[in-house]
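In what follows, a structure is listed as structure tokens, so that the remarks can point back to it.
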Amino acid sequence: QVQLVESGGGLVQAGGSLRLSCVASGRTFSSYAMGWFRQAPGEDRKFVSAISRSGGSRTYADSVKGRFTISRDNAMNTVYLQMNSLTPEDTAVYYCAARLATNNGYYYGGYDYWGQGTQVTVSS
């Protein structure tokens, strides 16, 4: 069982930056591929970014490519999402997710564990 707790959300002006953190419980964090998703009001939850177990492979949704950076610190059981050049369209609840990985790749879905989410609001 893995428990995930996100933090770092808040209110920021357009063009600003935020860094989200997600801390995982347990001693096997490095066995899990991690992902970030977001859900805006009235919309389905959408993929944002994912990272492999080791952190060596990463992928991004087209909408955030070049602005967001995912990273992880396996010693700290933490995955991060650095978000730059934020726009109002980035406003959403952001969730981190974990998936037990059988290889050192990233995943767009099939996540087993989810955090409770952290609100990001970008004002224009």
Side-chain angles (χ1 to χ4, degrees):
Q1 194 79 359
V2 176
Q3 292 185 323
L4 304 172
V5 179
E6 303 98 334
S7 63
L11 174 64
V12 64
Q13 290 188 331
S17 298
L18 284 173
R19 187 175 84 153
L20 305 183
S21 299
C22 172
V23 180
S25 64
R27 296 179 291 177
T28 59
F29 181 68
S30 60
S31 298
Y32 290 83
M34 301 296 295
W36 285 97
F37 292 76
R38 67 186 182 186
Q39 187 168 20
E43 297 185 9
D44 294 332
R45 190 175 299 184
K46 296 180 181 177
F47 172 83
V48 174
S49 182
I51 191 167
S52 62
R53 296 182 309 189
S54 68
S57 298
R58 313 171 192 195
T59 189
Y60 301 91
D62 287 344
S63 58
V64 306
K65 200 171 294 182
R67 301 187 298 122
F68 290 12
T69 302
I70 190 171
S71 62
R72 66 187 295 162
D73 183 340
N74 285 346
M76 299 295 291
N77 281 16
T78 302
V79 62
Y80 304 97
L81 187 68
Q82 177 67 44
M83 306 186 296
N84 299 329
S85 302
L86 286 161
T87 74
E89 288 68 38
D90 296 314
T91 295
V93 177
Y94 284 71
Y95 299 89
C96 73
R99 169 175 171 160
L100 191 62
T102 56
N103 58 48
N104 196 25
Y106 51 73
Y107 298 89
Y108 292 97
Y111 286 85
D112 303 304
Y113 304 99
W114 295 83
Q116 292 299 306
T118 185
Q119 176 71 47
V120 171
T121 303
V122 185
S123 63
S124 57

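Around atom CG of N103, more than 12 heavy atoms belonging to other residues, nucleotides or ligands sit under 6.0 Å away. Heavy-atom contacts from other residues, nucleotides or ligands closer than 6.0 Å to CD of Q3 number 12 or fewer.
Not one N or O on the side chain of Q116 forms a donor-acceptor pair closer than 3.5 Å with the backbone of V5. Although no hydrogens or angles enter the test, the distance criterion places no donor-acceptor pair under 3.5 Å between the side chain of R99 and the main chain of Y107. Here the side chain of T91 pairs a donor or acceptor atom with the backbone of V122 at under 3.5 angstrom.
Across every non-hydrogen atom of L4 and A98, the tightest pair is CD1-N, 3.7 Å. The two residues P88 and A14 make their nearest non-hydrogen contact at CD-CB, 4.2 Å. Closest non-hydrogen pair, R53 versus T102, comes out as NH1-C, 4.4 Å. When every heavy atom of G115 is checked against every heavy atom of Y95, the shortest pair comes out as O-CD2, 3.5 Å.
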*Intermediate values then yes/no, side chain to side chain contact (heavy atoms under 4.5 Å, CB included), R38 and V64*: CA-CA 11 Å; R38 67 186 182 186; V64 306; 3.9 Å; yes
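No side-chain heavy atom of M83 sits less than 4.5 Å from a side-chain heavy atom of D90. Residues S17 and Q82 form a side-chain contact, since some pair of their non-hydrogen atoms from C-beta on lies under 4.5 Å apart.
Rounded to the nearest 0.5 Å, atoms NZ (K46) and CD (Q39) are 10.0 Å apart. Rounded to the nearest 0.5 angstrom, F68 CZ and L20 CG are separated by 8.0 Å. In this structure, the separation between OH on Y60 and CZ on F47 is 9.5 Å, given to the nearest 0.5 Å. How far CZ of R67 is from OG of S85: 7.0 Å, rounded to the nearest 0.5 Å. Separating the SG atom in C22 from the OH atom in Y94 is a distance of 15.0 Å, to the nearest 0.5 Å. Here the straight-line distance linking atom OG of S52 with atom OH of Y106 works out to 9.5 Å at 0.5 Å rounding.
Ring-centre distance between W114 and F37: below the 6.0 Å cut-off.
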